[in-house]
Amino acid sequence: MKTINYNGMLSKALFILLLFFIMSCEKEKDVTVIKLGHSLSISHPVHKAMEYMAERVKIKSKGTLLIDIYPNQQLGSERECVELLQIGSLGMTKVSTPILENFVPRLKVLGLPYLFRDREHLLKVLEGEIGDGLLDESLSKRLKGLTFYDAGSRSFYSKRPMERPEDLIGLKLRVQESQTSITMVKFLGGSPTPISMGELYTALQQGIVDGAENNLPTFHLSRHYEVCKYLMLDEHSALPDILLISTIIWNKLSKQEQQWLKEAATESLQYEKKVWLEAEIEALNAVVKAGVIVTRPDKESFRELVKPMYEEFSKDPEMKELIQAIQAIK
């Protein structure tokens, strides 16, 4: 029996998944089925958008191209799903930008705090030439970006009151496995602690961390408001989700199938933007009703503290040019 070495990329658990889901794009009786795994709950707006995409693909192809969706980390964490895409044992996934920046460093730009003036600015960037270019950045990693999904603005929440940057000093704050997020929290005076989303509720309960940062729907759906009664809407970053397909799987599809999939992904973004706004309103109302105290700080004092991050990024001429191009979008 031939031994396959994946250069340490896969854990034992992932290797088992590889064997179980060895065919992530199956063809049977002229029907192509693509497996899509992600970490979100079925009530999350982005999951609903992916369901919408799957339905649009089914309609466009008259049932000859199907997408099977596996939510709630059934097939692994975000990072594990990305690794499975790279070897072609999983077809598609949704990944948050901070996770993907570990594979595609240029995407770090999207994590710069206060880069976008507002939601309209963010969407113009993501749906324009800059966004298209960033989606293609992962091709060399055997990952093809199909579309961005709006994931709202991220804000801090904790067990202690927060209104100013000084209130973050000394707080142990959960962040994603992203150097940009870690650096941001350090500049704001907090103590960044990378923890997986699945372990965060328990970590908050046990005092391993004092708080975290995320968007409103996730704060609500994760039930973190049960532990953290203070939410500061500083809206420091607007990190989109990215819908990916393995290039190994993409290249197996016909030109017509590729067109159907790309069209459906784009249509699902338009659907998701509406669902997201509704989810944000619902989430804010729900956590306030549950007793969460919400503050809206003056963002300028936060912007001042993270300016050195822009100076560091701008040492790279290409990154400086990209930042300036994003800021120039009106």
Side-chain angles (χ1 to χ4, degrees), residues 95-138 145 148-157 162-194 211-215 232-242 295-330:
V95 64
S96 53
T97 305
I99 297 299
L100 194 59
E101 75 177 41
N102 293 301
F103 298 82
V104 187
R106 191 170 166 84
L107 287 172
K108 290 179 180 179
V109 70
L110 296 177
L112 272 174
Y114 307 106
L115 175 65
F116 300 103
R117 296 184 297 276
D118 49 33
R119 184 171 184 267
E120 183 181 3
H121 180 208
L122 167 69
L123 294 176
K124 280 186 177 180
V125 171
L126 297 183
E127 296 181 57
E129 290 184 10
I130 294 175
D132 290 342
L134 290 173
L135 285 175
D136 288 340
E137 285 286 327
S138 59
F148 287 103
Y149 284 130
D150 182 12
S153 297
R154 298 174 75 92
S155 295
F156 290 106
Y157 53 88
M162 299 173 296
E163 293 185 48
R164 305 167 300 168
E166 297 93 303
D167 296 327
L168 299 180
I169 294 176
L171 280 185
K172 292 176 291 183
L173 297 168
R174 180 265 179 180
V175 294
Q176 293 175 293
E177 294 181 31
S178 156
Q179 189 55 52
T180 307
S181 299
I182 291 171
T183 302
M184 175 191 67
V185 170
K186 285 182 177 178
F187 274 116
L188 293 175
S191 177
T193 308
E213 52 88 44
N214 218 313
N215 54 58
M232 180 175 65
L233 293 176
D234 63 297
E235 300 176 323
H236 49 263
S237 60
L239 293 164
D241 285 336
I242 302 176
T295 56
R296 299 178 183 272
D298 176 11
K299 298 177 185 179
E300 193 55 40
S301 55
F302 289 85
R303 287 193 182 96
E304 285 297 318
L305 289 175
V306 298
K307 275 186 176 179
M309 294 182 67
Y310 283 78
E311 296 168 4
E312 185 64 29
F313 270 57
S314 295
K315 290 179 180 178
D316 179 343
E318 289 188 4
M319 190 65 77
K320 181 179 180 179
E321 183 179 351
L322 179 57
I323 292 171
Q324 291 174 339
I326 290 173
Q327 292 174 328
I329 297 292
K330 301 300 182 183

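Bear in mind the structure is a predicted one, so any value in this text is a computation, not a measurement.
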task: Output the distance between atom CZ (Arg154) and atom CG (Leu233), rounded to the nearest 0.5 Å.
output: 13.5 Å
Extract all donor-acceptor atom pairs below 3.5 Å that involve side chains of residues 318-330 and protein atoms in other chains or at least two apart in sequence.
none

- request: Check for a donor-acceptor pair, side chain of Asn102 on one end and backbone N or O of Ile99 on the other, with a separation under 3.5 Å.
  value: yes
field: Option passing side chain to side chain contact (heavy atoms under 4.5 Å, CB included) with Thr97 (candidates Leu134, Val109, Leu107)
entry: Leu107
query: Ion pair present between Glu120 and Lys124, side-chain N to carboxylate O less than 4.0 angstrom?
result: yes
field: Nearest-0.5 Å distance, OG1 of residue Thr180 to CD of residue Glu312
entry: 11.0 Å
task: Look up atom CD in Glu163 and atom OG in Ser301, then write down how far apart they are to the nearest 0.5 Å.
output: 11.5 Å
- prompt: For the residue pair Asn215 and Ala151, what are the closest heavy atoms and their distance?
  reply: ND2-O, 3.1 Å
- prompt: Should Pro297 and Phe302 count as side-chain neighbours, where that means a heavy-atom distance under 4.5 Å?
  reply: yes
- request: Describe, in one word, how the ring planes of Tyr114 and His236 are oriented to each other, choosing from parallel (under 30°), tilted (30 to 60°) and perpendicular (over 60°).
  value: perpendicular
- prompt: When you look at CZ of Arg303, are more than 12 heavy atoms from neighbouring residues, nucleotides or ligands closer to it than 6.0 Å?
  reply: yes
- line: Looking only at heavy atoms, the pair that brings Gln176 and Pro194 closest together is O-CB, 4.4 Å
- prompt: Are side-chain heavy atoms of Leu110 and Pro240 found at a separation under 4.5 Å?
  reply: yes
What side-chain donor-acceptor pairs closer than 3.5 Å can you find for residues 182-191, not counting sequence neighbours?
unit_1	atom_1	unit_2	atom_2	d
Thr183	OG1	Gln179	O	2.8
Thr183	OG1	Gln179	NE2	3.2

- prompt: Quick one: are Asp150 and Leu122 in side-chain contact, heavy atoms under 4.5 Å?
  reply: yes
message: Side chains of Phe103 and Val95, heavy atoms from C-beta outward: is any pair under 4.5 Å?
response: no
- prompt: Side chains of Glu101 and Ser178: is there a donor and an acceptor less than 3.5 Å apart?
  reply: yes
- request: Compare all side-chain heavy atoms of Leu115 with those of Val125 and state whether any distance is below 4.5 angstrom.
  value: no
- request: Locate the shortest heavy-atom distance separating Leu305 from Pro165; write the atom from each residue and the value.
  value: CD1-CB, 3.4 Å
- request: Decide if atom CD of Glu177 counts as having more than 12 heavy atoms of other residues, nucleotides or ligands within a radius under 6.0 Å.
  value: no
field: Residue pair Gly131 / Phe148: nearest heavy atoms and the distance that separates them
entry: O-CE1, 3.4 Å
message: Would the distance check show the side chain of Thr295 and the main-chain N or O of Met162 forming a donor-acceptor pair, the cut-off being under 3.5 Å?
response: yes
- prompt: For Arg164, does its backbone N or O pair with a side-chain atom of Asp167 as donor and acceptor, under 3.5 Å?
  reply: yes
Heavy-atom side-chain contact between Met309 and Leu112 under 4.5 Å: yes
query: Taking atom CD of Glu300 as the centre, does the number of heavy atoms from other residues, nucleotides or ligands within less than 6.0 Å exceed 12?
result: yes
query: Of all heavy-atom pairs between Pro192 and Val175, which one has the smallest distance, and what is that distance?
result: CB-CG2, 4.0 Å
message: Could you measure the distance from the CD1 atom of Ile130 to the CG atom of Leu135? Nearest 0.5 Å is fine.
response: 12.0 Å
- request: Answer yes or no: is there a side-chain heavy-atom contact under 4.5 Å between Glu213 and Asp234?
  value: no
Contact check, side chains of Met232 and Ser155, non-hydrogen atoms, under 4.5 Å: no
- prompt: Can you tell me how far the CZ atom of Arg106 sits from the CG atom of Leu100, to the nearest 0.5 Å?
  reply: 13.5 Å
